[in-house]
Amino acid sequence: MTDAQWRDEPTDFEQLGKLPRESAPPASVLGSLNITAAASDPELLDLPWHLRLEDWPTEYLAALPRGISRHVVRFAHLGGSVIAVKETSEHVARHEYHMLRKLQRLDVPCVEPVAVITGRTTVEGVALDPVLVTRHLKFSLPYRALFSQMLRKDTLTRLIDAQALLLVRLHLIGFYWGDVSLSNTLFRRDAGAFAAYLVDAETGELYPDLSSGQREYDLEIARVNIAGELMDLLEGGLIDGEVDPVATSELIMDAYRRLWAELTDQESFELGERWRVGARIRRLNELGFDVEEYAIKTNPEGSTIQLQPKVVDAGHHQRRLLRLTGLDAQENQARRLLNDMDTCRADNDPELDEEISAHSWVRHVFEPIVRSIPRELSGKLEPAEVVHEVLEHRWYISEKLDRNVPLAEAVQSYIDTVLRHRRDEAALIITADTDTMALLEGGVLGEASEED
Ligand SMILES: Nc1ncnc2c1ncn2[C@@H]1O[C@H](COP(=O)(O)OP(=O)(O)OP(=O)(O)O)[C@@H](O)[C@H]1O
Ligand SMILES: [Mg+2]
């Protein structure tokens with residue numbers, strides 16, 4: 001795909017199917033706009049680029065939780081989706097835009113770049129800062145918004161594990177981040193754990209390979225930033241007083257090093273221990289990685305095998321689920337759903353073809369669960385997470401009641417006792433919800449309150 005450059009586009013609101021709003025950009029200021037975008041989103045022209053981002057009227061804005069940032073960032077409606085708009089310098093916007101595109105092509109979890117817009121001026125002709133536009137990552141939460149109830153220690157550990165996995169994946173493809181922190185990461189729920197996405201690529205660079213010095217330096221930045229972020233949360237009373245920010249920040253070093261070693265270490269085996277090669281590969285698959293190739297060398301005596309796996313991007317379970325069912329889920333969700341699918345197959349008809357059995361599981365388990373979620377609750381969690389939670393819930397109540405609870409009963413119980421009480425994560429709209437109000441008062445959601 002080549003970048004499309006739109007210059008001096010005529011502004012025909014009728015043609016765009018919309019009437020101008022009061023604050024819609026007048027044609028005179030659109031003349032100087034320069035939009036670099038991966039795909040054409042004509043609705044971009046409807047946004048009030050002639051106003052400073054801080055002054056954008058609420059009618060354009062989507063009130064969603066936002067992390068802390070130096071730049072002004074706003075969420076705005078664009079057609080049916082939501083975009084994040086960041087005012088910054090042209091150099092930074094272009095660098096970040098191209099970096100995000102490269103990361104996307106390399107299949108790293110990150111926000112999707114939409115456009116860079118320069119040449120903004122006010123009606124009086126005063127120049128305004130360029131902006132970077134990215135697609136709002138649905139169901140994502142900045143880490144501070146995850147702290148609406150006091151965060152439990154093990155949740156914090158899972159958050160840090162997700163951050164470590166993201167860093168390992170970035171380093172494997174040669175990306176040096178340079179500003180690793182919880183606030184430059186977005187989190188999505190992933191079968192009870194979290195999946196981390198890179199949101200701020202401003203300081204990042206791609207290299208053919210990273211030296212261990214570069215990797216260690218990035219890791220050190222992560223440790224220092226996370227310690228600082230946790231101290232902040234502690235001061236704000238948002239985490240358990242028992243949590244030690246420094247010790248917790250050090251967890252990322254261990255988690256990262258363990259993963260890195262598992263993924264890249266060379267191992268030697270005696271010839272008689274060939275099975276260990278398979279075991280290592282299974283462990284890598286468990287972590288969500290595929291082994292594309294591995295070098296096996298025998299030494300002159302011919303008694304040992306050296307294994308050097310060449311790991312490819314995470315997503316082993318994701319890909320298997322997609323291949324079998326067409327469902328697109330996160331890695332842990334996929335692993336959880338596949339477990340259930342495999343168990344169903346083993347229980348019902350172990351001889352049945354894997355694909356046919358998967359199809360039957362989608363029809364008899366996945367779809368009925370998703371369909372039974374009442375419309376008004378369907379924005380609470382994404383479908384794969386709901387199915388995962390229902391399966392967990394079924395297991396939990398079956399154990400409690402000491403009987404095999406049928407799926408339909410488990411779904412109803414889940415809706416009534418769990419889902420109804422969940423916060424809406426599709427588009428955490430700020431209403432009088434007390435948790436969110438408490439966050440707002442703590443300044444956690446930035447200026448979202450003004451927007452509502
Ligand atoms: N596409 C997106 N989807 C969801 N949230 C986003 C998106 N883009 C930005 N954000 C939110 O806005 C916040 C600020 O964005 P970003 O980190 O890019 O700004 P910044 O000013 O460059 O930050 P820094 O202070 O680290 O330089 C993020 O922490 C995140 O919460
Ligand atoms: Mg940032």
Enquirer: Mind listing the closest non-hydrogen atom pair of H77 and L47 along with its distance?
Expert: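 Answer, listing the atom of H77 first, then L47: O-CD2, 3.9 Å.
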Enquirer: Are side-chain heavy atoms of H171 and Q214 found at a separation under 4.5 Å?
Expert: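 Not in contact.
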Enquirer: Minimum heavy-atom separation for R280 and A261, please, with both atom names.
Expert: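 Taking every non-hydrogen atom into account, NH2-O, 3.8 Å.
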Enquirer: Could you check whether any side-chain heavy atom of R282 comes within less than 4.5 Å of a side-chain heavy atom of E286, counting everything from C-beta outward?
Expert: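 Sidechains of E286 and R282: no contact.
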Enquirer: Would you compute the distance between atom CD of E229 and atom CD1 of I226 and round it to the nearest 0.5 angstrom?
Expert: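 Here the rounded value is 6.5 Å.
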Enquirer: May I ask you to say whether R135 pairs ionically with D41, meaning some side-chain N is under 4.0 Å from a carboxylate O?
Expert: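 A salt bridge links R135 with D41.
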Enquirer: I'd like to check W260 versus L219 (side-chain heavy atoms, cut-off strictly below 4.5 Å). Are they in contact?
Expert: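 The answer is no, as the side chains (C-beta and beyond) never meet within the 4.5 Å cut-off.
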Enquirer: Closer than 4.0 angstrom, basic N to acidic O: yes or no for E54 and R74?
Expert: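 A salt bridge is absent here (no side-chain N lies under 4.0 Å from a carboxylate O).
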Enquirer: Looking at S140 and R188, would you say the former's side chain and the latter's main chain have a donor-acceptor pair under 3.5 Å?
Expert: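 Judged by distance alone, no pair lies under 3.5 Å.
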Enquirer: Measuring only between side-chain heavy atoms, which start at C-beta, is I173 closer than 4.5 Å to L103?
Expert: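 Yes, side chains in contact.
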Enquirer: Take V108 and L198, measure what side-chain contact (heavy atoms from CB on, under 4.5 Å) needs, and give me the verdict at the end.
Expert: CA-CA 8 Å; V108 174; L198 175 143; 5.6 Å; no
Enquirer: So, T203 side chain and W177 main chain: donor-acceptor pair closer than 3.5 Å or not?
Expert: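 Pair found, side chain donor or acceptor close to backbone of W177.
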Enquirer: For A255 versus A164, what's the shortest heavy-atom pair and its separation?
Expert: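 Minimum heavy-atom separation between A255 and A164: CB-CB, 3.7 Å.
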Enquirer: Donor-acceptor check, side chain of D353 to backbone of S357, threshold 3.5 angstrom: yes or no?
Expert: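 The answer is no, because no donor-acceptor pair under 3.5 Å joins these two groups.
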Enquirer: Answer with yes or no whether the side chains of Q163 and T185 bring together a donor and an acceptor at under 3.5 Å.
Expert: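 Yes, because at least one side-chain N or O of T185 sits under 3.5 Å from a partner of the opposite role on Q163.
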Enquirer: Mark yes or no for whether E331, through its side chain, and H317, through its backbone, hold a donor-acceptor pair below 3.5 Å.
Expert: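 Between the backbone of H317 and the side chain of E331 there is a qualifying donor-acceptor contact (under 3.5 Å).
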Enquirer: May I ask you to decide whether R70 forms a salt bridge with E202, counting only side-chain N to carboxylate O separations under 4.0 Å?
Expert: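 Result for this pair is yes, salt bridge flagged.
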Enquirer: Measure the spacing between CD of E43 and OG of S81 and express it to the nearest 0.5 Å.
Expert: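 These two atoms lie 8.0 Å from each other.
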Enquirer: Is it true that a side-chain atom of R189 and a backbone atom of F139 form a donor plus acceptor pair closer than 3.5 Å?
Expert: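 Side chain of R189 to backbone of F139, a donor-acceptor pair under 3.5 Å: no, none is there.
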Enquirer: If we ignore hydrogens and angles and just use 3.5 Å, is the side chain of R66 paired with the main-chain N or O of V73 as donor and acceptor?
Expert: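 Present.
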Enquirer: Is it true that E389 and K380 make a salt bridge, defined as a side-chain N closer than 4.0 Å to a carboxylate O?
Expert: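 Looking at K380 together with E389, the answer is no, because their closest N to O distance does not fall below 4.0 Å.
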Enquirer: Run the side-chain contact (heavy atoms from CB on, under 4.5 Å) check on F194 and L141 step by step: do they pass?
Expert: CA-CA 10 Å; F194 295 103; L141 294 167; over 6 Å; no
Enquirer: Taking the side chain as every heavy atom from C-beta outward, state whether V390 and I415 have any pair of such atoms under 4.5 Å apart.
Expert: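 No, their side chains stay 4.5 Å or more apart.
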Enquirer: What's the separation between atom CG in D129 and atom CD1 in I117, rounded to the nearest 0.5 Å?
Expert: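 Here the rounded value is 13.0 Å.
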Enquirer: Enter the distance from T264:OG1 to L172:CG here, rounded to the nearest 0.5 Å.
Expert: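 Reported value, rounded in 0.5 Å steps: 7.5 Å.
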Enquirer: Just so I know, are the side chains of D200 and K86 near enough to count as touching, which here means a heavy-atom distance under 4.5 Å?
Expert: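 D200 vs K86: side chains touch.
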Enquirer: How far apart are the closest heavy atoms of L234 and G241, and which atoms are they?
Expert: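 What the structure gives for the nearest pair is CD1-CA, 4.0 Å.
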Enquirer: Should the pair H95 and H91 be assigned to parallel (<30°), tilted (30 to 60°) or perpendicular (>60°) ring geometry?
Expert: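 Parallel: the ring planes of H95 and H91 meet at under 30°.
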Enquirer: Taking the side chain as every heavy atom from C-beta outward, state whether D232 and R144 have any pair of such atoms under 4.5 Å apart.
Expert: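 Yes; the side chains approach each other to less than 4.5 Å.
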Enquirer: Can we say R336 and E392 salt-bridge, meaning some charged N sits less than 4.0 Å from an Asp/Glu carboxylate O?
Expert: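 Between E392 and R336 there is a salt bridge, with a charged N closer than 4.0 Å to a carboxylate O.
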Enquirer: Show your working on salt bridge (charged side-chain N to carboxylate O under 4.0 Å, His left out) between E409 and R403 and close with a plain yes or no.
Expert: CA-CA 12 Å; E409 182 185 338; R403 67 179 166 89; 2.7 Å; yes
Enquirer: Under the side-chain hydrogen bond (donor to acceptor under 3.5 Å, both in side chains) criterion, do E87 and H71 qualify, and how do the steps go?
Expert: CA-CA 6 Å; E87 251 170 15; H71 300 104; over 6 Å; no
Enquirer: Going from OH on Y396 to OG on S413, what distance comes out if it is rounded to the nearest 0.5 angstrom?
Expert: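 The OG atom of S413 is 9.5 Å from OH of Y396, to the nearest 0.5 Å.
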Enquirer: As an exercise, state the distance from NZ of K102 to CG of L100, rounded to the nearest 0.5 Å.
Expert: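 The CG atom of L100 is 11.0 Å from NZ of K102, to the nearest 0.5 Å.
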Enquirer: Which is it for R394 and Y414 under the side-chain contact (heavy atoms from CB on, under 4.5 Å) test, yes or no, and what are the steps along the way?
Expert: CA-CA 8 Å; R394 184 184 187 187; Y414 169 78; over 6 Å; no
Enquirer: Please test L156 against L230 for side-chain contact (heavy atoms from CB on, under 4.5 Å), starting from the C-alpha separation and ending with a verdict.
Expert: CA-CA 10 Å; L156 190 56; L230 294 181; 3.9 Å; yes
Enquirer: Measure across A410 and V405 and return the closest heavy-atom pair with its distance rounded to 0.1 Å.
Expert: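 Of all heavy-atom pairs spanning A410 and V405, the closest is N-CG1, 3.8 Å.
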Enquirer: Are any of the side-chain heavy atoms of Q333 and Q318 separated by less than 4.5 Å?
Expert: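 When only atoms from C-beta onward are counted, Q318 and Q333 do not touch, as no gap falls below 4.5 Å.
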Enquirer: Write down the atom of F187, the atom of A162, and the distance for their closest heavy-atom approach.
Expert: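 Reported closest heavy-atom pair: CE2-CB, 4.3 Å.
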Enquirer: Please tabulate, one pair per line, all N/O donor-acceptor pairs under 3.5 Å involving side-chain atoms of residues 361-369, not counting sequence neighbours.
Expert:
from, atom 1, to, atom 2, distance (Å)
W361, NE1, D340, OD2, 2.8
H364, ND1, S360, O, 3.0

Enquirer: Counting distance only, does the side-chain N/O of E112 pair as donor-acceptor with the main-chain N or O of T134 below 3.5 Å?
Expert: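 No, the answer is negative, given that no donor and acceptor are paired below the 3.5 Å cut-off.
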Enquirer: Identify which one of Y176, F175, Y256 satisfies the side-chain contact (heavy atoms from CB on, under 4.5 Å) criterion when paired with D218.
Expert: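 The single option meeting the side-chain contact (heavy atoms from CB on, under 4.5 Å) with D218 is Y176.
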